[in-house]
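Just so it is clear, the values below take in all heavy atoms, side chains as well, and ignore hydrogens, waters and symmetry mates. This structure is a prediction, so every number in the text was calculated from the model and none was measured. Each residue takes its place number in the sequence, starting with 1.
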Amino acid sequence: MDAGAVAMDSEDGKSYSSRKEMWLQEAGEDAETSRDPDLNKKDEWYQNGIKYWTGVEATVDGVLGGYGNVSSWDVMESDRFLLDVLSECMPDYVRGNRHLVALDCGAGVGRVTKQLLLRHFHEVDLVEPVQHFLETARRDLKSHILESNVIQDHSLHRVVNFFATPLQNFTPEPNRYDVIWVQWCIGHLTDQDFVTFFLRAKVGLKPDGLFVLKENVSKCGMPNLFCRLTTFR
């Protein structure tokens, strides 16, 4: 995307001629030149985000901005995608011979973990910076244990860790995860932090582990309700 051709409007009505101008004014960051950011502005950017989500009810409808009705469709398509990816990239999964671990990034109240990831992974960790979202997820998921959906595997699937940390500060345990799942949250990071998060998070993947990035995409106007799924090693 040509940053010089993008117009953006913030919630308070300001407009910008480019992505670069927006990040400079809103978060004090110039990702194109890698100039040292204005740390006060960047901290304010992230604090404003936390402040907004702290005022949102800790429910599926709340974290989805009133679109809780799309949850079942979202999970259905993610489930189909994940089955294809795991079957192709991790054949031991199909045979039930692999202990799978996932990380749910920007996990909110644990919707994706509960409805999707726990069906496929023996252990799931959640990372979420909004405290009342994470506490809701902890109450709902701490004792939530599922039997494996793989016939040959009779083990149980459970949530293990709850990390109250923003993604821009999070570094995972080395070589722990088969899949790091990042859904509908990466837009909260500045461009520089977007890149550095993935560089840090890479150490958390097993040698054949995968990132899954699911995000709304749109060239103009309102974003598409359903999303493009991308995996990369």
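Judged purely by atom type and a 3.5 angstrom limit, E21 uses its side chain to pair as donor or acceptor with the backbone of S17. With H132 contributing its side chain and V56 its backbone, the two residues share a donor-acceptor pair below 3.5 Å. At least one donor-acceptor pair under 3.5 Å links the side chain of R200 to the backbone N or O of F170. D38 places no side-chain N or O within 3.5 Å of a backbone atom of G28 that could act as its donor or acceptor partner. A donor-acceptor contact shorter than 3.5 Å links the side chain of H122 to the backbone of L100. Remark: the backbone N or O of Q25 is paired with a side-chain donor or acceptor of K41 at under 3.5 angstrom.
With contacts defined as side-chain heavy-atom distances shorter than 4.5 Å, the pair L167/F194 does not qualify. The shortest side-chain heavy-atom distance between M76 and D74 does not fall under the 4.5 Å cut-off. When side chains are defined from C-beta on, L24 does not count as touching E29, because their heavy atoms never get closer than 4.5 Å. Proximity of W45 to N40: side-chain heavy atoms (C-beta onward) are nowhere separated by under 4.5 Å. Counting heavy atoms from C-beta on, the side chains of L205 and L210 never come closer than 4.5 Å. Residues L86 and L82 meet the side-chain proximity criterion, which asks for heavy atoms closer than 4.5 Å. The side-chain heavy atoms of F81 and D79, taken from C-beta on, include no pair separated by under 4.5 Å. Side chains of V160 and R158 form a contact here, defined as non-hydrogen atoms less than 4.5 Å apart.
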Could you give me the CA-CA distance, side-chain angles and deciding distance for F163 and L126, then say whether side chain to side chain contact (heavy atoms under 4.5 Å, CB included) is met?
-> CA-CA 6 Å; F163 299 109; L126 282 68; over 6 Å; no
Decide side chain to side chain contact (heavy atoms under 4.5 Å, CB included) for V182 and E215; before the verdict, give the C-alpha distance in whole Å, the side-chain angles of both, and the deciding distance to 0.1 Å.
-> CA-CA 8 Å; V182 187; E215 197 53 75; 6.0 Å; no
Are D191 and W23 close enough, and set up right, to give a side chain to side chain donor-acceptor pair (under 3.5 Å), and what steps lead you there?
-> CA-CA 8 Å; D191 285 359; W23 284 126; 3.1 Å; yes
Chi angles and distances behind the side chain to side chain contact (heavy atoms under 4.5 Å, CB included) call for V109, D140 = CA-CA 8 Å; V109 295; D140 193 28; over 6 Å; no
List the steps, then state whether side chain to side chain contact (heavy atoms under 4.5 Å, CB included) holds for I50 with T54.
-> CA-CA 6 Å; I50 295 296; T54 298; 3.7 Å; yes
Working for side chain to side chain donor-acceptor pair (under 3.5 Å), residues Q183 and D104 | CA-CA 8 Å; Q183 176 170 343; D104 185 358; over 6 Å; no
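Of all heavy-atom pairs between L83 and S87, the closest is O-OG, 2.7 Å. The shortest non-hydrogen separation linking T136 to A58 is OG1-CB, 3.3 Å. Among all heavy-atom pairs drawn from L116 and S78, the shortest one is CD2-CB, 3.6 Å. Closest approach of G110 and A137 over heavy atoms only: N-CB, 3.9 Å. Here the closest heavy-atom approach between residue Q168 and residue D193 is recorded as CB-OD2, 3.8 Å. Taking both residues in full, the closest heavy atoms of V203 and P172 are given as CG2-O, 4.1 Å, listed atom of the first, atom of the second, then distance.
A donor-acceptor pair shorter than 3.5 Å cannot be found between the side chains of T190 and Q192.
Atoms CG and CZ, on L141 and F162 in that order, are 5.5 Å from each other to the nearest 0.5 Å. L103 CG to N161 CG: the interatomic distance, rounded to the nearest 0.5 Å, is 9.5 Å. Distance check: C105 SG to I186 CD1 gives 7.5 Å after rounding to the nearest 0.5 Å. Note: L213 CG to I180 CD1 = 12.0 Å, rounded to the nearest 0.5 Å. Distance check, rounded to the nearest 0.5 Å: CG of D92 to NE2 of H99 gives 13.5 Å. One finds the CG atom of L189 at 9.5 Å from the NZ atom of K42 (value rounded to the nearest 0.5 Å).
Applying the ring-ring contact (aromatic ring centres under 6.0 Å, His included) criterion to Y46, with sequence neighbours excluded, gives no partner residue. Residues satisfying the salt bridge (charged side-chain N to carboxylate O under 4.0 Å, His left out) criterion with E135, sequence neighbours excluded, are R138.
If you run side-chain contact (heavy atoms from CB on, under 4.5 Å) between L117 and each of V159, V124, V101, only V124 comes through.
Residues F211 and F198 place their aromatic rings such that the two centres sit under 6.0 Å apart.
Relative ring orientation between F133 and W53 is described as perpendicular, the plane-to-plane angle rising above 60° on a 0-90° scale split at 30° and 60°.
Listed by first and then second residue, the salt bridge (charged side-chain N to carboxylate O under 4.0 Å, His left out) pairs involving residues 122-133 are E123-R176, D125-R176 (not counting sequence neighbours).
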